[in-house]
Protein chains: 2
Amino acid sequence: MGAMTNVERAMSALRQMIFAGELTPGSDHLETELAERLGMSRTPVREAALMLQAQGLVEMRPRRGIRISPVSAQDMSDIYDILTELESLAAARAAEAGYSDTDLETLAKAIADMDAALDADDLRAWADADDRFHRELVRLGRNARLSMIVSVMRDQVRRARATTLFIRPKPAKSNADHRIVLQAIADGDVSRAHDTHHAHRRAARDMLVALLDKHQFHGL
Amino acid sequence: MGAMTNVERAMSALRQMIFAGELTPGSDHLETELAERLGMSRTPVREAALMLQAQGLVEMRPRRGIRISPVSAQDMSDIYDILTELESLAAARAAEAGYSDTDLETLAKAIADMDAALDADDLRAWADADDRFHRELVRLGRNARLSMIVSVMRDQVRRARATTLFIRPKPAKSNADHRIVLQAIADGDVSRAHDTHHAHRRAARDMLVALLDKHQFHGL
DNA sequence: GTATGCGTCTGTGTATACATTAATGGATGC
DNA sequence: GCATCCATTAATGTATACACAGACGCATAC
């Protein structure tokens, strides 16, 4: 379909299969098997797997096959710690940058969408808007490497969220924080943007980790 | 020479060539050329290059060859921002962990080595000990993903340091900060460990960026 | 019954061959 | 002289072939 290379196709296909739970965490898959499944030779599959390995989504072990990396509660905690720091930094940098209201429209829209989704009790739409908010926030921080790292980390969280989204308490308070962060960025209030978002993420982490611990979650 | 695979050999060879300046930033190299130079076929070189690309050390562009990623002053600033946050987080976590003096020996040793190197006016030895200090600090933070990210970022800094090490002011004050961080970790003083290291890194960033700007450094 | 060693067999690591595609240069038209 | 188009060509993307090495099972010894 397009000018896509097979490696790219393999990458997105594998990612999709992982996120959809079609390839379950902890399971092993031979290069040959995946190649056949994707209708290509081993070479592009192997190269895609190498890249996914660099992002921590899979592990390649000789003669064991490609293992879909399991994500433990400890891993989640580690990842949230990183997200907390880096997103807060992005929020601070965004506040420094002096964005206009127009620049911040996407953020505002995401917040509005989250409200709407909560009213409609549509958790999936909420998660989607929440994603957009955080992605845009990081983008406004204007640090390409940071954006990359955050997006890789978020990929890992995404797998767990399929599980947690429906057992966690409704994210009702969440948007109040988002609004404060947005306002702080608009006002150029660097430390307020940073600290508010930091506390927001920290709370999310504690909630999630408690949730995972409570549910005997030892690996996904 | 051991049970090393050619991909691993290619990885370390390429890394070494990059750090040694043998492959200069911004230069392009064909897969075939590198393969010949390393005495292997294109396959392992390509796979190694893909991994190095994931770490941001090279970029692979179709028909242009493998480009050694240039690092601009802006990049350095971005990277230091990330290092600042993540290392500070590690320092805080290390302080939380309640390490004994024995556990902290490696840190103490690195500080002592820096002092000795400064007395002997041996900048390379200082840089080496400084590296050890920061690496151990991050390790004590006990977050495997964080360690990985930081080590990738530090790789990028390493290239610039070859340039900056000898034009920057002598890092005389630096060790005072290191000592405070070590003491804070030993005391379990989380916020002191965090804030001191944060300020330390922030200062290093500002100094370095000013230095690079002053020297018309637009890409390495 | 357990441990040890060997042979087999499968999957990977690597080389190589080939198809594809984009950059390059020259020729042509204006 | 400049732009445009086409042919050429060289480097990549992918498939395939093959050697090697590690896992597994089986037999044998104790």
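- Between B/Arg64 and B/Glu59, none of the side-chain N atoms (NZ, or NE/NH1/NH2) sits under 4.0 Å from a carboxylate O, so this pair counts as no salt bridge.
- For the residue pair B/Asp81 / B/Thr84, no side-chain donor-acceptor distance below 3.5 Å is found, with atom types taken as modelled.
- With hydrogens and angles ignored, no donor-acceptor pair under 3.5 angstrom links the side chain of B/Thr32 to the base of D/dA11.
- Here the closest heavy-atom approach between residue A/Ser69 and residue A/Pro25 is recorded as O-CB, 4.0 Å.
- Residues B/Gln156 and B/Gln55 approach most closely at NE2-O, 3.1 Å, considering heavy atoms.
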Tabulate atom names and distances for all N/O pairs under 3.5 angstrom spanning the protein and nucleotides 6-8 of chain C.
none

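- Atom CD in B/Glu8 sits about 9 Å away from atom P in C/dG13, given to the nearest Å.
- Side-chain contact check for B/Asp75 and B/Ser72: at least one donor-acceptor pair (N or O, by modelled atom type) lies under 3.5 Å.
- Taking atom CG of residue B/Leu30 and atom P of nucleotide D/dT9, one finds them 18 Å apart after rounding to whole Å.
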List, with names and distances, any nitrogen or oxygen atoms from the protein found under 3.5 Å away from nitrogen or oxygen atoms belonging to nucleotides 17-20 of chain C.
none

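- Ring-plane geometry between A/His178 and A/His200 is classed as perpendicular, the angle between the planes exceeding 60 degrees on a 0 to 90 degree scale with a lower cut at 30.
- The distance from the CZ atom of B/Arg161 to the CZ atom of B/Arg159 is 13.5 Å, given to the nearest 0.5 Å.
- As rounded to whole Å, 15 Å separates atom C1' of D/dT12 from atom CD of B/Glu47.
- Nearest-nucleotide positions on DNA chain D for B/Gly65 and A/Pro62 put B/Gly65 closer to the 5' end.
- Of the N and O atoms on the side chains of A/Glu87 and A/His198, not one donor lies less than 3.5 Å from an acceptor on the other residue.
- Look at B/Thr43 and you won't find any side-chain N or O under 4.0 angstrom from OP1 or OP2 of C/dT16.
- Rounded to whole Å, the distance from CD on A/Glu36 to C1' on D/dA15 is 14 Å.
- Considering only side-chain atoms of B/Val7, the nucleotide from D/dT14, C/dT14, D/dT12 that sits closest is C/dT14.
- Counting any heavy atom pair closer than 4.0 Å across all strands shown, B/Met60 reaches no nucleic acid atom.
- We find that CE of B/Met4 is positioned 11 Å from P of C/dT14, with the value rounded to whole Å.
- If you measure from atom CG of B/Leu50 to atom P of D/dT12, you get 12 Å, rounded to the nearest angstrom.
- In summary, the side chains of A/Thr32 and A/Arg42 do not present any donor paired with an acceptor at a separation below 3.5 Å, with no hydrogens or angles considered.
- Straight-line distance from the CD atom of A/Glu31 to the P atom of D/dT16: 15 Å, rounded to whole Å.
- Distances from the side chain of B/Arg64 to the nucleotides C/dA23, C/dT14, D/dG13 place C/dA23 closest.
- What separates CZ of B/Arg46 from P of D/dA11 is a distance of 14 Å, to the nearest Å.
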